[in-house]
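Here is the structure we will look at.
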Protein chains: 4
Amino acid sequence: MFIELDLQSEVPIYTQLVEQLLEGMANGQLKPGDPLPSVRSLAADLGINLHTVNKAYQVLKQDGFLQVHRKQGVVIQTGEMPGITTEFQEKLARQLKGMAAEAAVRGMQEIEFADMCSAVYRQIKEQGADR
Amino acid sequence: MFIELDLQSEVPIYTQLVEQLLEGMANGQLKPGDPLPSVRSLAADLGINLHTVNKAYQVLKQDGFLQVHRKQGVVIQTGEMPGITTEFQEKLARQLKGMAAEAAVRGMQEIEFADMCSAVYRQIKEQGADR
Amino acid sequence: MFIELDLQSEVPIYTQLVEQLLEGMANGQLKPGDPLPSVRSLAADLGINLHTVNKAYQVLKQDGFLQVHRKQGVVIQTGEMPGITTEFQEKLARQLKGMAAEAAVRGMQEIEFADMCSAVYRQIKEQGADR
Amino acid sequence: MFIELDLQSEVPIYTQLVEQLLEGMANGQLKPGDPLPSVRSLAADLGINLHTVNKAYQVLKQDGFLQVHRKQGVVIQTGEMPGITTEFQEKLARQLKGMAAEAAVRGMQEIEFADMCSAVYRQIKEQGADR
DNA sequence: GTGGTCTAGACCACG
DNA sequence: GTGGTCTAGACCACG
């Protein structure tokens, strides 16, 4: 699985990592039980700080996407994956709001906005189809 | 126009302000040429520092949503509003990506995701319909 | 003589006025002894504050481009026009510096920069030729 | 690299900083990828507030001359430097206009004006030649 | 340690 | 009165 970080981005590196791991889970490259590299090795591979990788793992573990096995190390959640909680929907709505507002002001119609959202979703799902 | 800030939020105050002003423009409560309160008075109203208001205004000015008129102070852009630039589309796609990925992993289907995006968009537009 | 002000510009209105009056003198639309409108009437014409017009006139008078006659009001300098003083050259060099630096960083060659300067100069002179 | 500020000047300190950093880039003292001092250390060195330094950096970042790297701090743009955009040409023409007008009124000929522009440009470039 | 954000307070040019 | 600039000081997320 490719992980690409933009060190110039204003998005924190650990957030970029979280998002890309979620994308991997979304498109099937990462399946329940799949092991993730150790904090140390991933940090070395990506050329970033240990703490940064650790923080990303912690965030994902906190939300229930990862679990830490004594022996196998960090693996993708084998039990029940987190579902569409109210909390998540609220977070989603909150984040979408700002984007929808700017889109609307810029003249993007509702259907265009929805299409773009669909397209982005589909793209993520399909990234893994050919691998 | 109501502006509601969450001072405890991890979202910077000036960003919240930017978003709410954009919502106002999206739903018609703020129209081209409409004057905005001075940084001082808005800051006083909201109970925040004038620099924070100023930063929000600067961001919106920078992107072309506001203009600073030497006689009328800060007003909503009277000329051409910023359109759907490539730059904007890229920013939108980038931001949607992380959200779409988490939504997918949590089991939200493409259509549900798109519907949610539509709903948020519509809600913003309709907020202003009855005023 | 046309005077066009940009109230959205970050350049102070009085400065814009000063510059346009200087352009008028440069291209011959305003000749030594020519009367300028009274502060009051010019302010009314341009829809700006009395103080603003007054400040522009003061600046030009201060530098010797205008003189104030008891009877005829404000007129273009009939005596010796200010020349190329060391002070002026220093001001010019100081202002050119920032522009030349940015031009150079953006890849504009010396000759292109000089050509652009020439072109602007010529354009000012020629504006008045056909009137 | 020497940075000299005139705290008495009517030119804002952050503008002076911007111009001198651009000069450094123009004459080769600052090359792509070169790190800049942190806002704190430069502010301390120059005896000014860190916000003032920050503003200068923000302006240069906004225009694409600097980038903020999450690991290496602020560095000179490593990608493509901003080119001679229409926007820049317009800004340049606008600023030159006022200076050319006054120069013309003071009796400076077109060629003298262009020579002066050339000289200033050359001087900036050559400042770095011997280092 | 670094940039980003926020506050409080001040002065000034402009109009 | 208004925005622009500047200072001093503080906290925080990030790495």
Side-chain angles (χ1 to χ4, degrees), chain A residues 5 7-17 43 46-56, chain B residues 5 7 9-17 35-44 46-59 61 66-75, chain C residues 5 7-17 43 46-56, chain D residues 5 7 9-17 35-44 46-59 61 66-75:
Chain A
L5 301 175
L7 298 182
Q8 262 96 68
S9 168
E10 74 234 29
V11 179
I13 299 174
Y14 82 87
T15 303
Q16 295 181 44
L17 233 187
L46 299 174
I48 61 179
N49 198 296
L50 286 178
H51 299 111
T52 309
V53 176
N54 196 50
K55 174 139 191 184
Chain B
L5 301 175
L7 302 183
S9 167
E10 76 257 24
V11 180
I13 298 174
Y14 80 85
T15 303
Q16 295 180 44
L17 232 186
L36 262 65
S38 75
V39 289
R40 276 177 182 71
S41 71
L42 186 52
L46 298 175
I48 59 178
N49 194 278
L50 89 179
H51 288 116
T52 306
V53 174
N54 193 247
K55 172 134 191 187
Y57 280 6
Q58 288 304 319
V59 168
K61 177 187 163 196
L66 297 184
Q67 40 189 208
V68 177
H69 195 103
R70 285 206 166 260
K71 300 192 76 175
Q72 296 146 40
V74 179
V75 302
Chain C
L5 301 176
L7 299 182
Q8 261 96 67
S9 167
E10 74 233 30
V11 180
I13 299 174
Y14 83 86
T15 304
Q16 294 181 47
L17 234 188
L46 299 175
I48 60 179
N49 200 296
L50 285 178
H51 299 111
T52 309
V53 176
N54 195 50
K55 174 139 189 185
Chain D
L5 301 175
L7 301 183
S9 167
E10 76 258 22
V11 180
I13 299 174
Y14 79 86
T15 303
Q16 295 181 46
L17 233 186
L36 262 65
S38 76
V39 288
R40 276 176 181 74
S41 71
L42 185 52
L46 299 174
I48 60 178
N49 194 278
L50 90 180
H51 288 117
T52 306
V53 175
N54 193 246
K55 173 135 191 185
Y57 280 6
Q58 288 303 320
V59 168
K61 176 187 161 194
L66 296 185
Q67 38 188 212
V68 177
H69 193 104
R70 287 207 164 258
K71 300 192 72 174
Q72 296 147 40
V74 179
V75 301

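First the proteins, then the strands, lettered A, B, ... as listed; each starts at 1. If you're wondering where the values come from, they're calculated on a predicted model, not measured in any experiment.
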Compare side-chain N and O positions of [X] against OP1 and OP2 of [N] and report whether any pair is under 4.0 Å apart.
X     : N      : answer
B/N54 : F/dG4  : yes
B/S38 : F/dG1  : no
C/Y14 : E/dC14 : yes
D/T52 : F/dT5  : no
B/R70 : E/dG15 : yes
B/Q58 : F/dG4  : yes
C/K55 : E/dC14 : yes

For atom [atom1] of [X] and atom [atom2] of [N], their distance in whole Å:
X     : N      : atom1 : atom2 : result
D/Q16 : F/dT5  : CD    : P     : 13 Å
B/L50 : F/dC6  : CG    : P     : 15 Å
B/Q67 : F/dG3  : CD    : C1'   : 15 Å
B/L46 : E/dT5  : CG    : P     : 18 Å
C/L5  : E/dG15 : CG    : P     : 10 Å
D/L17 : F/dT5  : CG    : C1'   : 14 Å
C/Q8  : F/dG4  : CD    : P     : 13 Å
A/E10 : F/dC12 : CD    : C1'   : 17 Å

Quick check on DNA chain F: between D/L7 and B/V68, whose nearest nucleotide comes earlier from the 5' end?
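The 5'-side residue here is B/V68.
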Base, sugar-phosphate or nothing for [X]? Non-hydrogen atoms, less than 4.0 Å.
X     : value
A/I48 : nothing
B/Y57 : nothing
D/N49 : base

Once you round to the nearest 0.5 Å, how far does [atom1] of [X] lie from [atom2] of [Y]?
X     : Y     : atom1 : atom2 : result
D/L5  : D/L17 : CG    : CG    : 5.5 Å
D/E10 : D/T15 : CD    : OG1   : 11.0 Å
B/I48 : B/L42 : CD1   : CG    : 6.5 Å
C/L7  : B/Q67 : CG    : CD    : 10.0 Å

Looking at the base of F/dG9, is there any donor atom on it, or on the side chain of D/H51, that sits under 3.5 Å from an acceptor on the other one?
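Flag set: donor-acceptor pair detected.
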Any donor-acceptor pair under 3.5 Å between the side chain of D/R40 and the base of E/dG3?
yes
Can you confirm whether more than 12 heavy atoms, excluding those of B/H69, are under 6.0 Å from its NE2 atom?
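Enclosed: over 12 neighbouring heavy atoms sit under 6.0 Å from NE2 of B/H69.
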Pick the nucleotide of DNA chain E nearest each of D/V74 and C/V11; which residue has the one closer to the 5' end?
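Per heavy-atom nearest nucleotide, the more 5' residue is D/V74.
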If each of B/P12 and C/I13 is mapped to the nucleotide of DNA chain E with the nearest heavy atom, which maps nearer the 5' terminus, i.e. the 5' end?
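The residue whose closest nucleotide sits nearer the 5' end is B/P12.
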With both distances kept under 3.5 Å, what pairs with E/dC14, Watson-Crick or G-U wobble?
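Pairing partner, where one exists within any strand: F/dG1.
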Contact check, side chains of A/S9 and D/R70, non-hydrogen atoms, under 4.5 Å:
no
